[in-house]
Amino acid sequence: EQHCATVLPYVAGKSMVHAVSLLNEPRFHFSGEQTRQRFIEHVKVIYPDRLNLTRAWRAHLGNFNDIQIWDDTHPWYAGRPYQFDWQSFHQSLGTQYFQWAREVAKPHAGNLRLFVTLPDTAFLEGDARAGVDREALAALMDLQACEANSSSNDPIFAMSFPGPAASYALHRSMQPAKPVYNLSDQMETLGEYSTEQTYHFTHAATWESVMNGLNADILSPDSPVMNLPEALEGYATAAMDINRLAELVAAFQRAPTDVGI
């Protein structure tokens, strides 16, 4: 709280700054007896009848107090029914933390937009265990930000597809009216490719990102693009073209999405 009260007014006074990331790649691991008791009360609301709970979790519980957290000694612990209830509850604790952080920062932030920078792990197994409800966070913050990386060293699909593209599309789908930022784009292009290939990779990867919902891209300071003139030229040319054709780009981003199930 003291840090926010000291730093945010200073940053808000800088005309070139328009947004602040409150957390970078957050991960939560709420534990302890207090958390366990809160989870038990949460479970009682969903399953007032203990027998229904044991059937749902496929567990053998003598009473509600037998419920444990972060304990893999029970066979039902790894089951999907238990994990769904536990991870949903655990994510709600993370959301409460984000709400608190925003309340602490907002009085000192002036006109700054507040956001949280998320890792590019939404589609990886086990991501939900990190305690972050991405959809709730998207609704809570002023914009959406992530760290995603396109790479030319992809043996199967070009530009690491569908990783970054799916990440941008996911963020866009949760809050279509809020901009999506990539705060640390490595844009890994290797020098073993020809000058022309390197140029086209960075140019195409930048366009691909925007077409999938990205609004702002920030190259990482240690990105290989910084050391390859042809890569930087492709990136800069794409950026200028995207800004020149901003109305058309925005129309593509706002177009209804065709969904097939």
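Keep in mind it's a predicted model, so treat the numbers as computed, not measured. Throughout, residue positions are numbered sequentially from 1 according to the sequence presented.
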Between V210 and F252, is a side-chain contact (heavy atoms from CB on, under 4.5 Å) present by the stated rule, with each step listed?
-> CA-CA 9 Å; V210 172; F252 272 104; over 6 Å; no

Given the rule that I, L, V, M, F, W and Y join up when any side-chain heavy atoms are under 4.5 Å apart, are V43 and W70 in one cluster?
-> yes

Taking the side chain as every heavy atom from C-beta outward, state whether Y168 and C146 have any pair of such atoms under 4.5 Å apart.
-> yes

Rounded to the nearest 0.5 Å, how far does OG1 of T237 lie from NE2 of H200?
-> 10.5 Å

Without hydrogens or angle criteria, can the side chains of R134 and Q144 be said to hold a donor-acceptor pair below 3.5 Å?
-> no

Pairwise distance CE(M141) to OG(S21) - rounded to 0.5 angstrom = 9.0 Å

Any chance the side chains of D217 and Y181 put a donor and an acceptor closer than 3.5 Å?
-> no

Quick one: CG on N227 to CG on L232, what's the gap to the nearest 0.5 Å?
-> 9.5 Å

Can you tell me if CD on E135 sees more than 12 non-hydrogen neighbours from other groups inside 6.0 Å?
-> no

Check whether the ring centres of Y235 and H203 lie less than 6.0 Å apart, and answer yes or no.
-> no

Kindly give the heavy-atom pair with the smallest separation between T54 and L51, and that separation in Å.
-> OG1-O, 2.7 Å

Is the shortest heavy-atom distance from the side chain of V17 to the side chain of Y10 under 4.5 Å?
-> no

Start with the C-alpha gap between E147 and D120, add the side-chain angles, then the distance that decides, and say whether side-chain contact (heavy atoms from CB on, under 4.5 Å) holds.
-> CA-CA 6 Å; E147 294 183 353; D120 186 22; 5.6 Å; no

Pair K44 + E41, salt bridge at N-O below 4.0 Å = yes

Under 4.5 Å between side-chain heavy atoms, hopping through other hydrophobics if needed: is there a path connecting L114 to M16?
-> yes

Report yes or no: does S88 contribute a side-chain atom to a donor-acceptor pair with the main-chain N or O of D85 at less than 3.5 Å?
-> no

Would you find a donor on one side and an acceptor on the other, under 3.5 Å apart, between the side chain of K178 and the backbone of H171?
-> no

Taking all atoms of both residues into account, what is the closest heavy-atom pair of A19 and F115, and its distance?
-> CB-CE2, 3.6 Å

Do any N or O atoms from the side chain of R50 and from the backbone of L61 form a donor-acceptor pair under 3.5 angstrom?
-> yes

How far apart are the closest heavy atoms of T202 and T206, and which atoms are they?
-> O-OG1, 2.7 Å

Apply side-chain contact (heavy atoms from CB on, under 4.5 Å) to the pair N65 and I40, showing each step before the final yes or no.
-> CA-CA 7 Å; N65 200 49; I40 290 174; 4.0 Å; yes

Distance-only side-chain donor-acceptor flag, E188 / N149, under 3.5 Å = yes

For the residue pair Y82 and Y77, is the inter-centroid distance of their aromatic rings smaller than 6.0 Å?
-> yes

Gap separating the OH atom of Y97 from the CG atom of L137, nearest 0.5 angstrom = 12.5 Å

With no hydrogens and no angle check, is any side-chain donor or acceptor of Q91 less than 3.5 Å from a backbone partner on V132?
-> yes

Could you tell me whether F123 atom CZ has more than 12 heavy atoms of other residues or ligands within 6.0 Å of it?
-> yes

Nearest heavy atoms of A138 and M174, plus distance in Å = CB-CB, 4.1 Å

Does the side chain of R172 pick up a donor-acceptor pair with the side chain of N212 at under 3.5 Å?
-> no

Side chain of S194, backbone of Q197: donor and acceptor closer than 3.5 Å?
-> yes

Using the ring of each side chain (for Trp, its six-membered ring), is F89 parallel, tilted or perpendicular to F39, with breaks at 30° and 60°?
-> tilted

Measure the shortest side-chain to side-chain distance between W86 and I69 over non-hydrogen atoms and say whether it is less than 4.5 angstrom.
-> yes

Is Y193 reachable from Y199 through a run of I, L, V, M, F, W or Y residues, each pair having side-chain heavy atoms under 4.5 Å apart?
-> no

Just wondering, do V180 and Q175 contact through their side chains at under 4.5 Å, heavy atoms?
-> no

For Q186 and P224, which heavy atoms make the closest approach, and how far apart are they?
-> O-CD, 3.4 Å

Take atom CG in N63; do more than 12 heavy atoms of anything else shown fall under 6.0 Å from it?
-> yes

Within a radius of less than 6.0 Å around CZ of F84, do more than 12 heavy atoms belonging to other residues, nucleotides or ligands occur?
-> no

Of all heavy-atom pairs between A148 and N182, which one has the smallest distance, and what is that distance?
-> O-ND2, 2.9 Å

Establish whether L93 and I46 are linked, either directly or via other cluster members, by ILVMFWY side-chain heavy-atom contacts under 4.5 Å.
-> yes

Heavy-atom side-chain proximity of L22 to T117 below 4.5 angstrom | no

Can you check whether W76 and H60 have ring centres sitting under 6.0 Å from each other?
-> no

For L170, does its backbone N or O pair with a side-chain atom of S173 as donor and acceptor, under 3.5 Å?
-> yes

Calculate, to the nearest 0.5 Å, the distance between atoms OG and CG belonging to S223 and D185 respectively.
-> 6.5 Å

Nearest-0.5 Å distance that lies between atom CG in L53 and atom CZ in R58 | 12.5 Å

In one Ile/Leu/Val/Met/Phe/Trp/Tyr side-chain cluster, 4.5 Å: M211, L248 | yes

Would you call L8 and H3 a side-chain contact if the rule is heavy atoms closer than 4.5 Å?
-> no

Walk me through it: do L118 and E25 pass the test side-chain contact (heavy atoms from CB on, under 4.5 Å)?
-> CA-CA 5 Å; L118 294 176; E25 297 191 10; over 6 Å; no

Using modelled atom types only, decide if a donor and an acceptor are shared between the side chain of Q253 and the backbone of L214 within a distance under 3.5 Å.
-> yes

Test item: side-chain donor near acceptor, W207 and D241, under 3.5 Å = no

Consider only side-chain N and O atoms of E33 and Q37, and report whether a donor and an acceptor are under 3.5 Å apart.
-> yes

When you check the side-chain N and O atoms of T121 and D127, is any donor under 3.5 Å from an acceptor?
-> yes

Could you check if a side-chain atom of T6 sits within less than 4.5 angstrom of a side-chain atom of Q2, using non-hydrogen atoms only?
-> yes

For A56, the side chain to side chain contact (heavy atoms under 4.5 Å, CB included) test, sequence neighbours excluded, returns Y47

Please work out which of the three classes, parallel, tilted or perpendicular, describes the rings of F30 and H90, given edges at 30° and 60°.
-> perpendicular

Side-chain contact test, heavy atoms from C-beta onward, threshold under 4.5 Å: evaluate it for K106 versus D142 and give yes or no.
-> yes

